[in-house]
Enquirer: 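First, the structure itself, so that you have it in front of you.
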Amino acid sequence: MEKRAVELASTINRGVTIQVIHGHFATKHSHVSHCIDMTKIKSEMNMARTTAKLFAEQFRYTPVDTIISLERMKMVGAFLASDLAATGINVDRNIAVISPEITNDLLLLRDNFLPYVKGQHVLLLTASATTGQTIMSALEGIRYYGGEAVGAATVFGGDFKAVDVPVARLFNVDDIPRYQSHAPVSCPLCKSGVKVDALVNSYGYSKI
């Protein structure tokens with residue numbers, strides 16, 4: 001399947017790339033026509049740093065006390081905290097980066113993490129937000145725990161409308177021709193008898 005991968009560079013900065021594989025893939029919330037591989041962004045220092053700089057430019061004048069990093073984006077989150085604290089409204093602020101648990105699609109904060117959210121300005125960082133469900137659920141959790149959600153940053157995102165905070169995206173679904181996302185029960189590929197190529201989550205993909 002890796003032989004089908006095509007490298008796609010961000011239109012914002014060509015130093016940030018993802019691998020795109022066409023096929024039939026099952027995620028937690030949907031069936032999609034393309035697998036988006038972000039291993040380099042999550043694992044390589046140089047690309048993680050460049051990704052963080054692009055996000056920092058969009059939140060330079062947004063107060064941020066804490067970054068909640070989901071989907072193995074903590075290295076990007078650390079660089080993002082450093083960039084935000086270098087210039088703009090957050091200069092010299094000691095920004096925290098935490099990775100809470102997600103249980104049944106709900107954000108779960110243990111007691112030791114509560115001081116980083118309650119009464120704090122919180123920026124959400126995630127890898128992918130195709131339907132917006134992950135972001136909306138996390139924002140709801142931030143508010144439940146007494147935090148003020150100030151924005152969300154995602155590497156790959158759809159054109160969802162229900163989120164009420166600024167959302168920064170480096171790649172949009174429109175960047176991938178013929179990209180489709182469907183609820184599992186209404187997936188046209190399944191109805192046509194097309195076999196699922198792989199199961200996909202934030203750690204990568206597993207071929208079936």
Side-chain angles (χ1 to χ4, degrees), residues 1-10 16-44 47-48 51 55 67-77 99-108 124-142 149 151-163 165 167-208:
M1 187 167 69
E2 293 81 356
K3 295 179 180 179
R4 288 186 273 156
V6 175
E7 188 169 81
L8 181 66
S10 171
V16 176
T17 63
I18 56 177
Q19 297 288 319
V20 179
I21 306 170
H22 181 263
H24 182 194
F25 303 94
T27 73
K28 188 173 185 178
H29 297 128
S30 60
H31 282 203
V32 295
S33 59
H34 294 73
C35 173
I36 313 299
D37 185 355
M38 304 183 198
T39 303
K40 290 184 178 180
I41 289 175
K42 297 178 181 182
S43 307
E44 296 183 6
M47 197 172 294
T51 299
F55 285 140
I67 297 170
I68 286 185
S69 169
L70 304 179
E71 299 183 333
R72 297 176 52 239
M73 290 286 286
K74 199 162 187 180
M75 180 157 64
V76 175
S99 296
E101 299 165 66
I102 301 292
T103 303
N104 296 325
D105 287 335
L106 299 176
L107 194 71
L108 174 61
L124 180 66
L125 173 65
T126 186
S128 179
T130 307
T131 65
Q133 185 173 339
T134 297
I135 285 183
M136 288 184 282
S137 178
L139 293 177
E140 182 181 347
I142 291 168
T154 183
V155 177
F156 179 74
D159 292 321
F160 43 84
K161 307 295 183 184
V163 175
V165 298
V167 179
R169 303 171 178 84
L170 302 187
F171 296 87
N172 192 284
V173 292
D174 293 336
D175 295 326
I176 303 175
R178 304 187 308 279
Y179 181 89
Q180 296 182 48
S181 175
H182 301 277
V185 295
S186 59
C187 175
L189 294 173
C190 289
K191 292 180 179 179
S192 299
V194 179
K195 179 179 176 292
V196 171
D197 290 302
L199 302 178
V200 181
N201 64 16
S202 63
Y203 290 92
Y205 59 87
S206 299
K207 290 181 281 189
I208 298 178

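In what follows, every heavy atom counts, from backbone to side chain, and hydrogens, waters and symmetry copies are set aside. The model shown is predicted, which means the values in this text are computed figures rather than measured ones. One is the number of the first residue; the rest follow in order along the sequence.
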Enquirer: Can you tell me how far apart OG (Ser43) and CE (Met38) are? Round to the nearest 0.5 Å.
Expert: 12.0 Å

Enquirer: Under the rule for side-chain contact (heavy atoms from CB on, under 4.5 Å), what residues qualify as partners of Ala48, not counting sequence neighbours?
Expert: Met75, Val76, Phe79

Enquirer: Checking Thr39 now: which residues fulfil side-chain hydrogen bond (donor to acceptor under 3.5 Å, both in side chains) with it, not counting sequence neighbours?
Expert: Asp37

Enquirer: What's the separation between atom CG in Leu124 and atom CD1 in Ile68, rounded to the nearest 0.5 Å?
Expert: 6.5 Å

Enquirer: Measuring from Leu189:CG to His31:NE2, what's the distance to the nearest 0.5 Å?
Expert: 9.5 Å

Enquirer: By side-chain hydrogen bond (donor to acceptor under 3.5 Å, both in side chains), which residues pair with Thr27, not counting sequence neighbours?
Expert: Ser30

Enquirer: Could you tell me whether the side chain of Val155 reaches within less than 4.5 Å of the side chain of Phe171, counting heavy atoms only?
Expert: yes

Enquirer: Do any N or O atoms from the side chain of Ser186 and from the backbone of Ala183 form a donor-acceptor pair under 3.5 angstrom?
Expert: yes

Enquirer: Could you tell me whether the side chain of Ser137 reaches within less than 4.5 Å of the side chain of Leu106, counting heavy atoms only?
Expert: yes

Enquirer: Which heavy atom of Ser202 sits nearest a heavy atom of Lys42, and at what distance?
Expert: O-NZ, 2.7 Å

Enquirer: Quick one: CZ on Arg72 to CD1 on Ile41, what's the gap to the nearest 0.5 Å?
Expert: 11.5 Å

Enquirer: If you measure from the Lys or Arg side-chain nitrogens to the Asp or Glu carboxylate oxygens, is any gap between Arg4 and Asp197 under 4.0 Å?
Expert: yes

Enquirer: Go through Ile135 and Thr126 one step at a time and tell me if the side chain to side chain contact (heavy atoms under 4.5 Å, CB included) criterion holds.
Expert: CA-CA 8 Å; Ile135 285 183; Thr126 186; 4.2 Å; yes

Enquirer: Between CZ of Phe55 and CE of Met73, what distance do you get to the nearest 0.5 Å?
Expert: 5.5 Å

Enquirer: For residues Val165 and Ala152, report the shortest heavy-atom separation together with the two atoms involved.
Expert: CG2-N, 4.1 Å

Enquirer: Applying side-chain contact (heavy atoms from CB on, under 4.5 Å), name anything that partners Asp105, two or more places apart in sequence or on another chain.
Expert: Lys28, His29, Gln133

Enquirer: Going by the rule side-chain contact (heavy atoms from CB on, under 4.5 Å), which residues pair with Ile176 if we only count those two or more places apart in sequence or in a different chain?
Expert: Leu8, Val20, His34, Ile36, Phe156, Tyr179

Enquirer: With sequence neighbours left out, write down each residue that passes side-chain hydrogen bond (donor to acceptor under 3.5 Å, both in side chains) with Ser33, or none if nothing qualifies.
Expert: none

Enquirer: If we only count heavy atoms from C-beta on, is the Thr17 to Met47 side-chain gap below 4.5 Å?
Expert: yes

Enquirer: With sequence neighbours left out, write down each residue that passes side-chain contact (heavy atoms from CB on, under 4.5 Å) with Pro188, or none if nothing qualifies.
Expert: Gln180, His182

Enquirer: Could you tell me which residues satisfy side-chain hydrogen bond (donor to acceptor under 3.5 Å, both in side chains) with Glu44, sequence neighbours excluded, listed by chain and number?
Expert: none

Enquirer: Does any N or O in the side chain of Thr154 come within less than 3.5 Å of the main-chain N or O of Ala127, such that one atom is a donor and the other an acceptor?
Expert: yes

Enquirer: Give a yes or no answer on whether the side chain of Lys195 reaches the backbone of Cys190 with a donor-acceptor pair at less than 3.5 Å.
Expert: no

Enquirer: Distance check, rounded to the nearest 0.5 Å: Arg169 atom CZ versus Ser128 atom OG?
Expert: 11.0 Å

Enquirer: Taking the side chain as everything from C-beta on, heavy atoms only, tell me whether Tyr205 gets closer than 4.5 Å to Leu199.
Expert: no

